[in-house]
Amino acid sequence: MLTIGGQNGAMTLERIEMKMHTDMLRAASRIARARDVTVGQLVRDLLAREISRAHAKPPVRADERLVAPLRARLAPDLAGAADWGDLQARLRAKGYILRAAGGGLALHDWPGDRRICKASELGFSHARLMRRLRAPFPGHPHARLTERHLAPDEKGAPEGTPEIALTEPAEPDGPGAAPDTDQPFFSTRLPSVSAI
């Protein structure tokens with residue numbers, strides 16, 4: 001059992017005795033050896049994780065019945081704004097505003113400023129908007145996100161994402177080939193070695 005206290009507020013360990021099935025002890029010993037810890041440390045780590053999970057706040061999720069119509073109503077503004085100022089003006093005109101919230105953004109009503117949902121629940125995460133608008137959200141407290149999501153040579157997509165291009169199909173060859181269409185199709189191509 002762990003007891004918080006002791007001298008200078010340090011955590012002290014108390015000896016406990018517990019019974020464990022032989023197969024479980026063998027499995028725990030293998031895992032502990034692989035992690036280069038004792039079985040006791042393995043058990044303490046597992047208990048600490050469970051205690052942390054038990055005290056964790058459940059995520060605050062907006063009701064999908066509310067989010068779906070908002071998504072449809074605000075998607076053109078979230079997708080079409082030229083910059084953060086334009087986006088906030090468009091949202092304000094419809095009675096909403098974005099605010100920094102943790103590492104992301106939350107949609108609030110305007111002018112009441114009550115939180116409605118996360119921007120990511122609308123399909124527009126902070127990272128996605130930051131890449132598209134090529135700038136961090138003004139005054140956002142997490143500056144490290146800017147470095148991660150706005151590389152100077154980035155073209156708007158995370159590293160490793162294939163480029164998507166609209167291309168025309170090649171001319172059909174020979175008998176039995178598919179008929180010509182004027183419809184373009186999507187193809188993906190990986191960046192060339194020189195682009196990496």
Q) After noting the C-alpha distance and the side-chain angles of Tyr96 and Leu70, does the key distance pass the side-chain contact (heavy atoms from CB on, under 4.5 Å) rule? A) CA-CA 10 Å; Tyr96 303 99; Leu70 269 175; 3.3 Å; yes
Q: List the steps and the verdict of salt bridge (charged side-chain N to carboxylate O under 4.0 Å, His left out) for Arg49 and Asp45.
A: CA-CA 6 Å; Arg49 214 176 354 237; Asp45 291 346; over 6 Å; no
(Q) Is there a side-chain contact (heavy atoms from CB on, under 4.5 Å) between Leu47 and Arg44? Walk through the geometry before answering. (A) CA-CA 5 Å; Leu47 283 172; Arg44 285 189 294 276; 5.8 Å; no
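Ser29 contributes atom OG, which lies 12.0 Å from atom CE of Met24 (distance to the nearest 0.5 angstrom). Rounding to the nearest 0.5 Å places SG of Cys117 at 11.0 Å from CG of Leu105. Considering CE of Met20 and CZ of Arg26, their distance stands at 13.0 Å, rounded to 0.5 Å. Taking CG of Leu91 as the reference point, atom CZ of Arg73 lies at 10.0 Å (rounded to 0.5 Å). To the nearest 0.5 Å, atom CZ of residue Arg90 and atom CG of residue Leu78 are 9.5 Å apart.
Both Leu122 and Leu66 are assigned to one and the same hydrophobic cluster, defined by single-linkage of ILVMFWY side chains at heavy-atom distances under 4.5 Å. Trp110 and Ile116 fall into different hydrophobic clusters, where Ile, Leu, Val, Met, Phe, Trp and Tyr are joined by side-chain heavy atoms under 4.5 Å apart, directly or via other members. With hydrophobic clusters built from ILVMFWY side chains whose heavy atoms lie under 4.5 angstrom apart, Leu46 does not share a cluster with Ile51. Hydrophobic clustering of Ile, Leu, Val, Met, Phe, Trp and Tyr side chains at less than 4.5 Å, counting indirect connections, unites Val67 with Leu129.
Val39 approaches Ala32 most closely through the heavy-atom pair N-CB, 3.9 Å. For the residue pair Arg134 and Arg131, the shortest heavy atom distance occurs at CD-O, 3.2 Å. The shortest non-hydrogen separation linking Leu42 to Arg35 is CD1-NH1, 3.4 Å. Across every non-hydrogen atom of Leu98 and Phe137, the tightest pair is O-CZ, 3.4 Å. When every heavy atom of Arg71 is checked against every heavy atom of Glu121, the shortest pair comes out as NH2-O, 2.9 Å. Contact detail for Ile97 and Asp109: the closest heavy-atom pair is CG2-O, 4.3 Å.
For Asp36, the CG atom sits in a loose shell: 12 or fewer heavy atoms of surrounding residues, nucleotides or ligands are nearer than 6.0 Å.
Lys94 places no side-chain N or O within 3.5 Å of a backbone atom of Asp77 that could act as its donor or acceptor partner. Looking at Arg132, its side chain does come within 3.5 Å of a backbone N or O of Ala81 through a donor-acceptor pair.
Ring pair His126/Trp84 is tilted by interplanar angle, where 30° to 60° counts as tilted.
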